[in-house]
A.B. asks: 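Supplied in structure tokens, the structure appears directly below.
Model, not experiment: these values are computed from the prediction. Atoms considered below: every heavy atom in the structure, side chains included; atoms not considered: hydrogens, waters and symmetry mates.
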Amino acid sequence: MAKNKLMSVVIDLGASLTKIIGICDGVMISVVMSPEVIEIDRSTLNGQLNSYGKGAKSPRATVEYCFVGVNDRYYAVGDLAQRFGAFQRFKPLKIDAAVYKILAGISILAHRFELGQKYNLSIGCLLPPGELADCRLLEQQLISFLPHFDSPLGMMNVKLVGSCFHPEGAGILELYQNRQSANPQSKVGVFMAGHRNLTCYVTKNGVVSDFASCDLGFHNWVKEVVKRTSGYKLEDLSVAIAKYWLQEDKAALQPMLRQKEEQAAEEELTRLIQVLESTNEIYCQAIFNWLDEYLPSDLEEVMISGGAADVLRDELVYYFDRRLPSREQLDGKTPIYYSDTGFNLPKLDVPAGCQSRMADVYCLWEYLMPKPQPKSVIKSQSKITTKAG
């Protein structure tokens, strides 16, 4: 009897994007998908399957079309959930929908790896620090659902052979500790800024302390802009703000404008930029106040990561530059590090705006999961619109 293949998977359940890496037979595949999940009737999938699957020679699970069925209840995930009216939600805990995102993600990877419906699974998952205590519930759900769940590939039979759960930022912390040649005695801050959460903690000699997390993610800034303007959709505005603040290009905001007449559109654009600038000051001050509260005053170095951290790079560098001591070996600069600053992480085949956001989950695989090293990377053909988070 042929031995079941083993697929190793690491997943970051981001509020704006689910980030997944799968490894099988020494090959690595990266997948990014929208975070939405919505419960649906099984019968409603038939029309979607018929319209989406026309011309398909065999069942397939993709980021554009994926669902899971457990205990006779069905859930659309990602783009399919959006087509059923799902939207990004921030009040529910990430762990509430985590198992459905994981089942969808491994179905997509199983299709890409051509594993069929039966294989073994080892999984690592990043969770907000405040939800890590619920990881055993998630593990029990996986143990219960994996041997018998429905998907676009048919009824799946997956055996969980290993699992681990870590707080968001754990991969980045391991990256820093393994690659940074600075004094290990240094008191180092790790700061993760995503779409929903901010997370920070301190490490010295491998000991983690001062763990803190809050809901001051990027969406807080976007919501404030929505309050001070009229007619903009929150999700579309998130994309536009992130692109504009990163690129300093007004063209990133043009698709948001409601006015069509040239002069009126120019006035609307000017007003929108004014609101962005004023709300940015308020939002950043809230972040700085939170960091003042939870990070010690004698911090010596900092490691920063996350989509929102990329968007707010200048503001965060300004904040930490005033707090940290300069280093002679850094030509008098302060030790502020990003995952794309000298750490030479591999380029995964995900949209450009997602590269740095894959750092935490990639480092979870690299440093905290047992595995053989991948021999090659398979490219994804999916196109994902990026947001901060």
Side-chain angles (χ1 to χ4, degrees), residues 7 9-22 29-42 44-53 56 59-70 73-90 92-113 123 125-127 138 141-142 145-146 149-154 156 158 194-196 219 233-236 238-239 307 348-351 353-354 357-358 361 379-389:
M7 179 170 67
V9 172
V10 285
I11 183 167
D12 182 351
L13 300 163
S16 67
L17 201 65
T18 302
K19 299 167 280 281
I20 314 166
I21 296 174
I29 295 177
S30 302
V31 172
V32 289
M33 61 189 301
S34 298
E36 293 82 8
V37 175
I38 190 171
E39 186 171 2
I40 53 175
D41 291 330
R42 178 64 179 92
T44 62
L45 286 170
N46 295 333
Q48 287 284 335
L49 179 59
N50 292 336
S51 61
Y52 182 81
R60 52 184 178 153
T62 68
V63 294
E64 293 84 13
Y65 183 83
C66 200
F67 66 85
V68 296
V70 292
R73 300 178 70 172
Y74 281 79
Y75 302 84
V77 183
D79 288 3
L80 181 61
Q82 289 181 351
R83 292 203 290 275
F84 282 111
F87 58 92
Q88 289 182 25
R89 301 178 64 192
F90 299 102
L93 298 177
K94 287 184 181 180
I95 204 166
D96 290 347
V99 69
Y100 310 118
K101 296 180 183 182
I102 292 172
L103 295 179
I106 66 172
S107 298
I108 294 169
L109 288 169
H111 172 66
R112 297 282 303 281
F113 283 123
I123 190 165
C125 185
L126 293 169
L127 293 170
L138 176 56
Q141 288 178 322
L142 289 170
F145 295 162
L146 282 169
F149 73 94
D150 202 1
S151 77
L153 303 180
M156 307 294 283
V158 181
H195 200 63
R196 188 181 81 171
H219 79 287
K233 293 182 179 180
L234 188 143
E235 292 184 14
D236 294 338
S238 295
V239 177
L348 303 176
D349 194 73
V350 295
C354 299
R357 296 162 64 184
M358 298 293 292
V361 70
K379 294 187 175 182
S380 168
Q381 297 178 351
S382 300
K383 294 181 179 179
I384 299 293
T385 301
T386 62
K387 308 166 195 172

A.B. asks: What distance separates Ser238 OG from His195 NE2, expressed to the nearest 0.5 Å?
C.D. replies: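 Separation between the atoms: 4.0 Å.
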
A.B. asks: So how far is it from Phe84 CZ to Asp41 CG, rounded to the nearest 0.5 Å?
C.D. replies: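 Going from the CZ atom of Phe84 to the CG atom of Asp41 covers 9.0 Å.
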
A.B. asks: With a 4.5 Å cut-off on side-chain heavy atoms, are Leu109 and Ile21 touching?
C.D. replies: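 SC-SC contact between Ile21 and Leu109 ruled out.
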
A.B. asks: So Val350 and Lys19, do their side chains get closer than 4.5 Å, heavy atoms only?
C.D. replies: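 Not in contact.
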
A.B. asks: Would you check if the side chain of Arg83 reaches a backbone N or O of Glu64 as a donor-acceptor pair within less than 3.5 Å?
C.D. replies: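 It does hold such a pair.
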
A.B. asks: Any idea which heavy atoms bring Ile20 and Met33 closest together, and the distance?
C.D. replies: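 Ile20 and Met33 have their closest heavy atoms at CD1-SD, 4.1 Å.
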
A.B. asks: Applying side-chain contact (heavy atoms from CB on, under 4.5 Å), run through Arg42 and Asp150 and close with a yes or a no.
C.D. replies: CA-CA 10 Å; Arg42 178 64 179 92; Asp150 202 1; 3.9 Å; yes

A.B. asks: With a 4.5 Å heavy-atom cut-off, do Val70 and Val99 have their side chains touching?
C.D. replies: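 They are not in contact (no side-chain heavy atoms under 4.5 Å apart), so the answer is no.
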
A.B. asks: Mind checking whether Val63 and Val32 have side chains closer than 4.5 Å, heavy atoms only?
C.D. replies: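 The answer is no; the side chains never approach within 4.5 Å.
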
A.B. asks: What pair of heavy atoms forms the shortest contact from Ser151 to Ser107, and how long is it?
C.D. replies: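 Result for this residue pair: CB-OG, 3.6 Å.
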
A.B. asks: Testing the basics here: between His219 and Arg196, what is the closest heavy-atom pair and its distance to 0.1 Å?
C.D. replies: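 Scanning both residues completely, I find the closest heavy atoms to be ND1-CA, 3.5 Å.
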
A.B. asks: Looking at Tyr75, Phe149, Phe67, which one forms a side-chain contact (heavy atoms from CB on, under 4.5 Å) with Leu103?
C.D. replies: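 Running side-chain contact (heavy atoms from CB on, under 4.5 Å) over Tyr75, Phe149, Phe67 with Leu103 returns exactly one hit, Phe149.
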
A.B. asks: Give, for atom OG1 of Thr18 and atom CD1 of Ile108, the distance between the pair rounded to the nearest 0.5 Å.
C.D. replies: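 With rounding to 0.5 Å, OG1 (Thr18) is 9.5 Å from CD1 (Ile108).
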
A.B. asks: Do Asp79 and Gln82 have side chains that approach each other closer than 4.5 Å (heavy atoms only, starting at C-beta)?
C.D. replies: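 The answer is yes, as the side chains (C-beta and beyond) meet within the 4.5 Å cut-off.
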
A.B. asks: Would a 4.5 Å heavy-atom cut-off, applied to side chains only, mark Leu13 and Leu127 as touching?
C.D. replies: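 Leu13 vs Leu127: side chains touch.
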
A.B. asks: Going from CG on Leu17 to OG on Ser34, what distance comes out if it is rounded to the nearest 0.5 angstrom?
C.D. replies: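 Answer for the CG-OG pair, Leu17 versus Ser34, is 7.0 Å.
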
A.B. asks: If every non-hydrogen atom of Ser16 is compared with every non-hydrogen atom of Arg357, which pair is closest and at what distance?
C.D. replies: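 It is OG-NH2, 2.9 Å.
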
A.B. asks: If I take atom CG from residue Leu146 and atom CD from residue Gln141, how far apart are they, to the nearest 0.5 angstrom?
C.D. replies: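 It comes to 10.5 Å.
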
A.B. asks: Looking at side-chain heavy atoms only, is the closest gap between Ile102 and Leu138 below 4.5 Å?
C.D. replies: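 Ile102 reaches Leu138 side chain to side chain.
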
A.B. asks: Do Lys101 and Pro35 have side chains that get closer than 4.5 Å, going by heavy atoms?
C.D. replies: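 Touching, per the 4.5 Å side-chain cut-off.
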
A.B. asks: Taking atom CG of Leu80 and atom OG1 of Thr62, what is their separation to the nearest 0.5 Å?
C.D. replies: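 Answer for the CG-OG1 pair, Leu80 versus Thr62, is 9.0 Å.
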
